[in-house]
Protein chains: 2
Amino acid sequence: MADFGLVEQGTPIAETRRRQIEGVASALFRERGYAGTGMREIARGLQLRGASLYAHVGSKEDVLFSIVERAADRFAKALSPYLHADGMSPEYRLRGMVRAHVRVLTDNLEDSAVFLHEWRFLSPERRSEILARRDSHEQAFRDAIAAGTTGGEFRLVDERLAARNLLSALNGIAGWWRADGPLSADQIAEAYADLHLSGLLTEVSAPTTRS
Amino acid sequence: MADFGLVEQGTPIAETRRRQIEGVASALFRERGYAGTGMREIARGLQLRGASLYAHVGSKEDVLFSIVERAADRFAKALSPYLHADGMSPEYRLRGMVRAHVRVLTDNLEDSAVFLHEWRFLSPERRSEILARRDSHEQAFRDAIAAGTTGGEFRLVDERLAARNLLSALNGIAGWWRADGPLSADQIAEAYADLHLSGLLTEVSAPTTRS
DNA sequence: CCTACCGATCGGTAGG
DNA sequence: CCTACCGATCGGTAGG
């Protein structure tokens, strides 16, 4: 609790400034959209003039791309333990993926929302890259579902549809969740996992239904 | 199949022009966002000059509001038969609501996407109105789910969470569905209804699992 | 990181 | 529905 001040930061000032710019930009992009946010607005959030931002970033689109790519990195990293079954049951695996995805979402609400909704303002090449990464994320969910249907634990469903159904529901959380709300990220993750696993499992394994 | 040409339109030209403007605007707002679309772009889609649009609309925001409000009307109307149970089983009721919602979404893809994503660019009063209508739409789903849990047909779930889970999944369809794709709107609606009802029903009623 | 400035474009109006 | 135009704002650069 005591305030020791800052002893050693370790991060170069320039890099910190970059992150500060991206942080303000992320909040504004989420709230007003990329096209609805001006560089001067971002600068104002840091008590700077608009032109000063260009000492730290190449362009407005570069800022968007940094935010979106970092978000994509987080989602990919969170799923990496689940890319192969490694003896996990399909239920355990999918539940872990749901929890991981929701955690990234709620721990990085603004970046995640920007990642989900503002990618269309990227240049064609960058947009393609991001869409490919989104697709491989969805593929990971498809694979986990397919493993369950193959093994007989899950009902026969269209994995593509079931994966989109699940991911759309999870991403929707970014639209209404608040850190100061009544439900923790993990509570929501468990509730969503229950709902979706009940929809997939053949055996009714009495999923944890707490109030 | 024969082309009889147009015999009698019945709609005044001015009203038609208004709708044409909204049609072009809806497509552009969906693709580039409200803030990313200029009035001159909308005009270009109708072979007009930007200034000419103002003979038909009061402002850019008025155009957005017309689109968004019409979409809200459609969703509300589609759910109206299901606002009260009237002897319907919870399963029948919720399945009907899913089908109705998906139909409106797929029959009016552009307007629906604009309704879902561009409402934040409305003036505070109009934004409040639309958010209230969205909330009462969600309330209808909550009610249908609550009726099922009360009656014992559905598992005990947090209705608010379950409704958001369902609606987010359904609205996500607007992000990927194509009219010329492999799945009809009704096929998707049935598949989604199956997935979600399986997650809610206490009795495993062997939902229709076709390939 | 600042001031000063660039050309382009924005939503919208005047007047016909 | 057009031409001509308004002030404001846009992303970004020059030069220090």
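In what follows, every chain begins at residue 1, and chains take the letters A, B, ... in the order their sequences are listed.
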Residues in side-chain hydrogen bond (donor to acceptor under 3.5 Å, both in side chains) contact with A/Gln139, at least two apart in sequence or another chain: A/Arg142, A/Asp143

Test side-chain hydrogen bond (donor to acceptor under 3.5 Å, both in side chains) applied to A/Arg70 - qualifying residues, sequence neighbours left out: A/Glu22

Gap between atoms CD1 and P, on A/Ile21 and D/dG12 respectively (whole Å): 13 Å

Rounded interatomic separation in angstrom, taking CZ from A/Arg44 and C1' from C/dC1: 17 Å

Pairs touching residues 55-66 of chain B that satisfy salt bridge (charged side-chain N to carboxylate O under 4.0 Å, His left out), sequence neighbours left out: B/Glu61-B/Arg126, B/Asp62-B/Arg126

Counterpart residues, salt bridge (Lys or Arg N to Asp or Glu O under 4.0 Å), relative to B/Arg127 (two or more places apart): none

Atom-pair distance (CG on B/Leu28; C1' on C/dC10), nearest Å: 16 Å

Side chain to side chain donor-acceptor pair (under 3.5 Å) pairs, two or more places apart, involving residues 171-181 of chain A: A/His101-A/Asn171

Those residues of residues 118-129 of chain B lying under 4.0 Å from DNA chain D by at least one heavy atom: none

Counterpart residues, side-chain hydrogen bond (donor to acceptor under 3.5 Å, both in side chains), relative to A/Arg32 (two or more places apart): A/Glu41

Nucleotide C/dG11, atom P - distance to NE2 of B/His56 in whole Å: 18 Å

Partners passing side-chain hydrogen bond (donor to acceptor under 3.5 Å, both in side chains) against B/Glu125 (at least two apart in sequence or in another chain): B/Ser123

Nucleic acid contacts - residues 57-65 of chain B versus DNA chain C, non-hydrogen atoms under 4.0 Å: B/Ser59, B/Lys60

Nucleotide-level pairing of DNA chain C, given in dot-bracket where Watson-Crick and G-U pairs need both distances under 3.5 Å and | marks other strands: ||||||||||||||||

B/Phe75/B/Phe115 aromatic ring centres below 6.0 Å: yes

What pairs of donor and acceptor atoms, side-chain ones from residues 159-166 of chain B against any protein atom, are under 3.5 angstrom apart with sequence neighbours left out?
| unit_1 | atom_1 | unit_2 | atom_2 | d |
| --- | --- | --- | --- | --- |
| B/Arg164 | NE | B/Glu138 | OE2 | 3.3 |
| B/Asn165 | OD1 | A/His196 | NE2 | 2.6 |

Distance in angstrom units between A/Arg32 CZ and D/dT9 C1', rounded: 14 Å

B/Leu53 CG to C/dT13 P, straight-line distance once rounded to whole Å: 13 Å

Name of the residue among A/Arg95, A/Arg103, A/Arg99 meeting salt bridge (Lys or Arg N to Asp or Glu O under 4.0 Å) with A/Asp186: A/Arg103

Atom pair distance, as rounded to whole Å: CG in B/Leu46 and P in D/dC1: 9 Å

Ring geometry between B/His117 and A/His117 (parallel below 30°, tilted from 30 to 60°, perpendicular above 60°): tilted

Protein-nucleotide distance (B/Met39, atom CE; C/dT9, atom C1'), rounded to Å: 14 Å

Pairing of A/Arg74 and A/Asp111 as salt bridge, 4.0 angstrom limit: yes

Which pairs, protein N/O on one side and nucleotides 3-7 of chain C N/O on the other, fall under 3.5 Å?
| unit_1 | atom_1 | unit_2 | atom_2 | d |
| --- | --- | --- | --- | --- |
| C/dT3 | OP2 | A/Arg49 | NE | 3.2 |

Electrostatic pair B/Asp86-B/Arg93, nearest N-O below 4.0 angstrom: no

